[in-house]
Amino acid sequence: MLVHRISAVARRYLPEWVIAPVRSFLTATMTPFMWSYRTGHFKSSIRNRSVDRRGNPTAWYTHSAIDFLSCKDFAGRRILEFGAGQSTLWWARRAEFVLALEDNKGWFQQLKPKLSSNVKLEFVNGQMPDIEPGFDIIVVDGLHRVTCAELSTKLMAAGGAIIVDNSDGYWGGEDSRTQPIIDMFRQNGFQRVDFYGWQPGVIVPSCTSLFFKERCFLFEGSENPAAMSV
């Protein structure tokens with residue numbers, strides 16, 4: 001990395017009492033910019049849509065969740081999304097099949113021409129279509145979240161997982177500060193991992209949660225940790 005190379009050269013000619021405060025200042029000021037660039041947060045903010053640093057579509061989950069999922073192998077896996085978007089394009093590059101349900105007609109029409117042959121996009125207008133169970137990953141990020149979360153427990157394949165974005169929100173109704181989604185998964189014996197942080201192009205931190213039962217393929221450890229490029 002350029003900063004490390006510059007630091008190595010500086011150590012040859014400057015005393016530590018000069019180098020240390022400069023290094024601390026650069027670390028404090030440059031790290032946020034490097035993080036924003038590496039994750040695509042900067043480019044997402046400019047484009048007003050979820051993309052990585054190269055401009056490719058990415059999921060609109062927290063960056064910590066995206067990093068976790070990006071290291072996993074989804075070859076041969078089936079994905080169900082309640083709420084379509086940039087994440088649909090992101091999943092399509094990784095999984096064998098994606099079924100995405102969307103209730104916004106304008107966004108549905110905008111997204112449909114961009115989809116590859118392994119994606120089936122359905123417009124939902126009030127009534128949920130019949131869905132065959134057996135999805136390895138189910139994403140709840142749109143439509144009526146409480147209903148979709150409950151339905152997900154019946155559609156998830158053994159060893160699969162359910163992703164709920166903005167899980168720190170209260171989805172119990174306008175006048176309620178209850179969390180029926182969290183309570184429902186807890187009562188049904190699901191385990192949970194929370195991924196906190198910022199989402200692409202968003203200024204306020206949030207939480208993306210992963211729910212699973214017993215052995216989940218995401219935690220088998222068959223892939224090695226991936227080095228994050230800068």
Side-chain angles (χ1 to χ4, degrees), residues 50 57-66 68-70 72 74 77-92 94-95 97-104 107-108 111 119-174 176-197 199-200 202 204-213 216-219:
S50 182
T58 189
W60 212 347
Y61 318 144
T62 56
H63 282 291
S64 54
I66 294 172
F68 172 78
L69 295 170
S70 295
K72 302 302 176 180
F74 294 98
R77 301 293 182 177
R78 291 164 48 84
I79 314 297
L80 169 61
E81 285 191 299
F82 292 107
Q86 293 287 91
S87 60
T88 307
L89 304 173
W90 186 81
W91 282 114
R94 290 166 168 77
F97 173 72
V98 179
L99 171 60
L101 308 179
E102 178 57 48
D103 61 354
N104 184 306
W107 182 237
F108 171 86
L111 182 62
V119 179
K120 182 179 181 181
L121 177 65
E122 291 195 19
F123 178 67
V124 177
N125 189 13
Q127 185 173 357
M128 197 73 67
D130 292 331
I131 305 173
E132 291 292 328
F135 288 92
D136 301 290
I137 294 289
I138 302 177
V139 182
V140 179
D141 195 17
L143 283 70
H144 189 278
R145 293 184 186 233
V146 176
T147 300
C148 294
E150 293 173 347
L151 184 58
S152 296
T153 63
K154 304 177 181 64
L155 299 176
M156 185 186 77
I162 299 170
I163 298 171
V164 178
D165 196 27
N166 306 117
S167 56
D168 52 330
Y170 298 97
W171 303 104
E174 293 182 2
S176 174
R177 290 184 64 82
T178 61
Q179 292 181 298
I181 294 178
I182 304 297
D183 294 339
M184 182 274 298
F185 280 120
R186 187 179 289 122
Q187 291 164 7
N188 282 275
F190 279 82
Q191 301 178 69
R192 185 180 91 239
V193 175
D194 298 324
F195 295 90
Y196 293 95
Q199 297 178 327
V202 178
V204 179
S206 182
C207 183
T208 300
S209 293
L210 185 69
F211 298 86
F212 57 97
K213 277 190 171 183
C216 174
F217 78 95
L218 292 175
F219 298 103

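FYI, the numbering just counts along the sequence from 1. These numbers come from the heavy atoms of this one structure, side chains and all, not from hydrogens, waters or symmetry mates.
Relative ring orientation between F190 and F211 is described as perpendicular, the plane-to-plane angle rising above 60° on a 0-90° scale split at 30° and 60°. The aromatic rings of F74 and F217 sit perpendicular to each other, their planes meeting at more than 60°, with 30° as the lower class boundary. Between Y61 and W90, the two ring planes are perpendicular [angle over 60°; tilted spans 30° to 60°].
Side chain of D136 to main chain of R78: a donor-acceptor pair is present (N/O by atom type, distance under 3.5 Å, no hydrogens or angles). No donor-acceptor pair closer than 3.5 Å links the side chain of Q179 to the backbone N or O of I181. With hydrogens and angles ignored, the 3.5 Å screen pairs a side-chain donor or acceptor of S50 with a backbone N or O of A59. With hydrogens and angles disregarded, a donor-acceptor distance shorter than 3.5 Å links the side chain of N104 to the backbone of W107. T62 places no side-chain N or O within 3.5 Å of a backbone atom of G197 that could act as its donor or acceptor partner. Formation of a donor-acceptor pair under 3.5 Å by the E102 side chain with backbone atoms of F108 is not found in this model.
Taking 4.5 Å as the limit, some side-chain heavy atom of L143 sits within range of a side-chain heavy atom of M128. Counting heavy atoms from C-beta on, the side chains of K120 and F97 come closer than 4.5 Å. T88 places none of its side-chain heavy atoms less than 4.5 Å from the side chain of L121. Here the side chains of T208 and I163 are in contact, with some heavy-atom distance below 4.5 Å. Residues F212 and L218 are not in side-chain contact: their nearest non-hydrogen atoms beyond the backbone lie 4.5 Å or more apart. Counting only heavy atoms from C-beta outward, the side chains of E122 and L99 approach each other to under 4.5 Å. Residues R192 and F185 fail the side-chain proximity criterion, which asks for heavy atoms closer than 4.5 Å. Two residues are said to be in side-chain contact when any heavy atoms from C-beta on lie closer than 4.5 Å; P200 and T58 meet this criterion.
When each of D168, N166, D194, D165 is checked for a side-chain hydrogen bond (donor to acceptor under 3.5 Å, both in side chains) with S209, only D194 meets the rule.
Around the CH2 atom of W60, the shell of radius 6.0 Å holds no more than 12 heavy atoms that belong to other residues, nucleotides or ligands.
Here the straight-line distance linking atom CD1 of I138 with atom OG1 of T153 works out to 8.5 Å at 0.5 Å rounding. A distance of 10.5 Å separates CG of D141 from OG of S167, quoted to the nearest 0.5 Å. To the nearest 0.5 Å, atoms CE (M156) and CG (L80) are separated by 12.0 Å.
Scanning all heavy atoms of the two residues, the minimum distance from G85 to L111 falls at N-CD2, 3.7 Å.
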